[in-house]
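To start, the structure under review is shown below, and the notes come after it.
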Amino acid sequence: MNGGIRDASVQAAALAVAASAVAVVLAGSVRPASAQESVRERIAALEFPELRFNPVQPRKETVRGVPVYFAEDRELPLVTIYATFRGGVRRFTRDYFAAATAVPALMRTGGTRDLPPDSVDARIELLALATSFGQGGGGSSSWINTLTGQLDEAVSLWADMLRWPRFDSTQVEVWRGAELERVRRRRDDPASLAFSRFNRIMYGDHPVGWEMSLSDLEPDDLSEERLRYVHEAVICPGNMVLGVAGDINWSRASRLLEGVLSDWPPCSGNLLEDPQPDIRTAPGVFVIQKEIEQSVVVLAHSSSLRQGDTGEYFASRIANSILGASGLSSRLATELRTRQGLTYGASSIWTTSRRDDGLVGALTRTRPQRTLAAARLLLAALDSVRTTAPDVDEVEHAVGEIVNGFVFNFRTPLQVVARGMTYESLGLPEDWLERYLDGIRDVTADDVLEVFRTEVDPARMTILLVGDTTRFDGSPSELGTVTVLSEGPQDSRDPPSTPREWPQSPH
């Protein structure tokens, strides 16, 4: 049976029948064998409706041209209002990198037009508000959660934080100092260093490949003029999608949102077109020397597969789960952890953007003396999935995990609203969930093999090794032509080091 949520009345009836059957079996302990066999037959003959997942659908409205997703929930006296804004770091030139990164955080900490930062903090504490400002995925977002009785005050404060940020100079300097320290400490976390540098290698001078450097964080890079330039381009009604969930009816919610949006200035129009990445296509080996006890191995190549209503996309989601996204039961973890004992874990990389090409590959961490062995095993595992279709049971298990796990994304009205907002922002159809689940259910073992064959090619992989090269189990040049990168922060506007032959390892 397919996974999903059973109607409560069906559940109750099934439990009653099962309890009755158990009682008969227990009572049958003193009955003849023929009577007990009859009970077993009755239990085996029980039939239940197919389990289907029917998520609650949010109400979709519009207030002053802004899409609004709404779900009423009277269980607790709480209301959450959520806003997303299209536009982020990717929509500005590199000169605005620091400002575009800082604006969401400073809307929270930098005060408002009428209140200094400490007064905003005091109001948030007094009203017992939970709030968040952040960015990611090419956009910015913010939400506020409040008691119903304090909703008007909470929304007024939140709207001022969004619309009229003060960008207090002291708080700007606090943010700059924290970011400078983060840049200086980036090399202390080998995984963070590896992922950041790998994006730089693959995406070059594209926002995905930008690494924050000390030269990005001069005081002028965070001037009030630049901060307001970014804010007026992104945080505005033309880029906005709103969501409301909780102890509130639509009549009151619409009045509140009308008040927030009524005199909000339009977007400045300063956003650039979202640049298309020119992802690296040539294979190669990149090495960063770092004296650490665990090497990081990352390898991937570009993939043109996009998120959409296609059999190839759905097959790629199952393929990714089988390969390395399903944890310890995946092919990569089984081979590198369970069979070879090289690592605590290994996972796959398979990004499928709605608009851009992505990456497909794998990553792991291991001791320096087995770095090349781990890289070769990752490549071998990626090659093996291209030759033989996975077992039907393996595919069914992956399908079941995805389908059954989806119900947990809809446990609260807020989750339902947030998902609708995500679909709106990505330009996905309103029935995307149903299409997605149907597409996943239809994936076969042959579909998985075909998408592995068309989308995965070990010979095209770009490989990054971060670790103590003096203890490697061979020369990185055995994997391909080597490019040596520095450990320190690298300005994305500078080209990487030129390739050179790696000296032969003494091992």
Side-chain angles (χ1 to χ4, degrees), residues 2-3 281 283 285 297-352 357-366 370-405 436-464 473 478-480:
N2 293 320
T281 57
V285 181
V297 181
V298 186
L299 51 89
H301 64 64
S302 62
S303 170
S304 60
L305 195 60
R306 309 286 177 87
Q307 181 185 27
D309 191 4
T310 65
E312 293 79 12
Y313 168 72
F314 298 125
S316 76
R317 301 305 86 201
I318 299 302
N320 188 40
S321 178
I322 290 172
L323 179 61
S326 57
L328 298 180
S329 63
S330 69
R331 295 278 189 92
L332 293 176
T334 298
E335 181 62 28
L336 274 78
R337 175 189 168 102
T338 307
R339 294 178 182 167
Q340 302 296 331
L342 293 184
T343 180
Y344 287 111
S347 60
S348 56
I349 303 167
W350 201 327
T351 60
T352 50
D357 288 355
L359 300 177
V360 59
L363 59 93
T364 191
R365 299 178 71 162
T366 189
R370 301 305 305 275
T371 303
L372 268 65
R376 292 191 186 98
L377 282 171
L378 290 177
L379 292 169
L382 291 167
D383 190 49
S384 68
V385 297
R386 304 169 68 243
T387 58
T388 306
D391 293 338
V392 172
D393 290 346
E394 197 173 14
V395 173
E396 289 181 349
H397 178 74
V399 169
E401 280 193 332
I402 292 176
V403 172
N404 295 334
Y436 183 85
L437 293 180
D438 288 342
I440 290 295
R441 290 188 182 104
D442 290 340
V443 173
T444 68
D446 288 339
D447 295 333
V448 174
L449 177 60
E450 182 62 23
V451 80
F452 273 136
R453 285 176 171 171
T454 57
E455 296 297 328
V456 179
D457 183 1
R460 293 174 50 207
M461 292 291 170
T462 294
I463 303 170
L464 173 64
D473 50 329
E478 297 169 17
L479 301 174

Show me the donor-acceptor pairs, under 3.5 Å and distance only, between side chains in residues 372-384 and residues at least two apart or in other chains.
{"from": "Arg376", "atom 1": "NH2", "to": "Glu478", "atom 2": "OE1", "distance (Å)": "2.4"}
{"from": "Asp383", "atom 1": "OD1", "to": "Arg386", "atom 2": "NH1", "distance (Å)": "3.4"}
{"from": "Ser384", "atom 1": "OG", "to": "Ala381", "atom 2": "O", "distance (Å)": "2.8"}

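Applying the side-chain hydrogen bond (donor to acceptor under 3.5 Å, both in side chains) rule to Arg331 yields the partners Glu394; only residues at least two apart in sequence or on another chain are considered. Under the side-chain hydrogen bond (donor to acceptor under 3.5 Å, both in side chains) criterion, Thr371 pairs with Ser295, not counting sequence neighbours. Arg337 pairs by the salt bridge (charged side-chain N to carboxylate O under 4.0 Å, His left out) definition with nothing, not counting sequence neighbours. The salt bridge (charged side-chain N to carboxylate O under 4.0 Å, His left out) test applied to Asp446 returns no partner, not counting sequence neighbours. For Val399, the side-chain contact (heavy atoms from CB on, under 4.5 Å) partners at least two apart in sequence or on another chain are Ile318, Val395, Val403, Ile440. Remark: Asp357 engages Arg306 in a salt bridge (charged side-chain N to carboxylate O under 4.0 Å, His left out) (not counting sequence neighbours). For Glu335, the salt bridge (charged side-chain N to carboxylate O under 4.0 Å, His left out) partners at least two apart in sequence or on another chain are Arg339. Scanning for side-chain contact (heavy atoms from CB on, under 4.5 Å) contacts around Ala315 gives Val443, Asp447, Val451, with sequence neighbours left out.
The shortest distance between side-chain heavy atoms of Leu449 and Thr388 does not fall below 4.5 Å.
Within the structure, the salt bridge (charged side-chain N to carboxylate O under 4.0 Å, His left out) test picks out no pair touching residues 448-462 (sequence neighbours left out). Applying the side-chain hydrogen bond (donor to acceptor under 3.5 Å, both in side chains) definition to pairs two or more places apart or across chains, those involving residues 312-325 are Asn320-Ser348.
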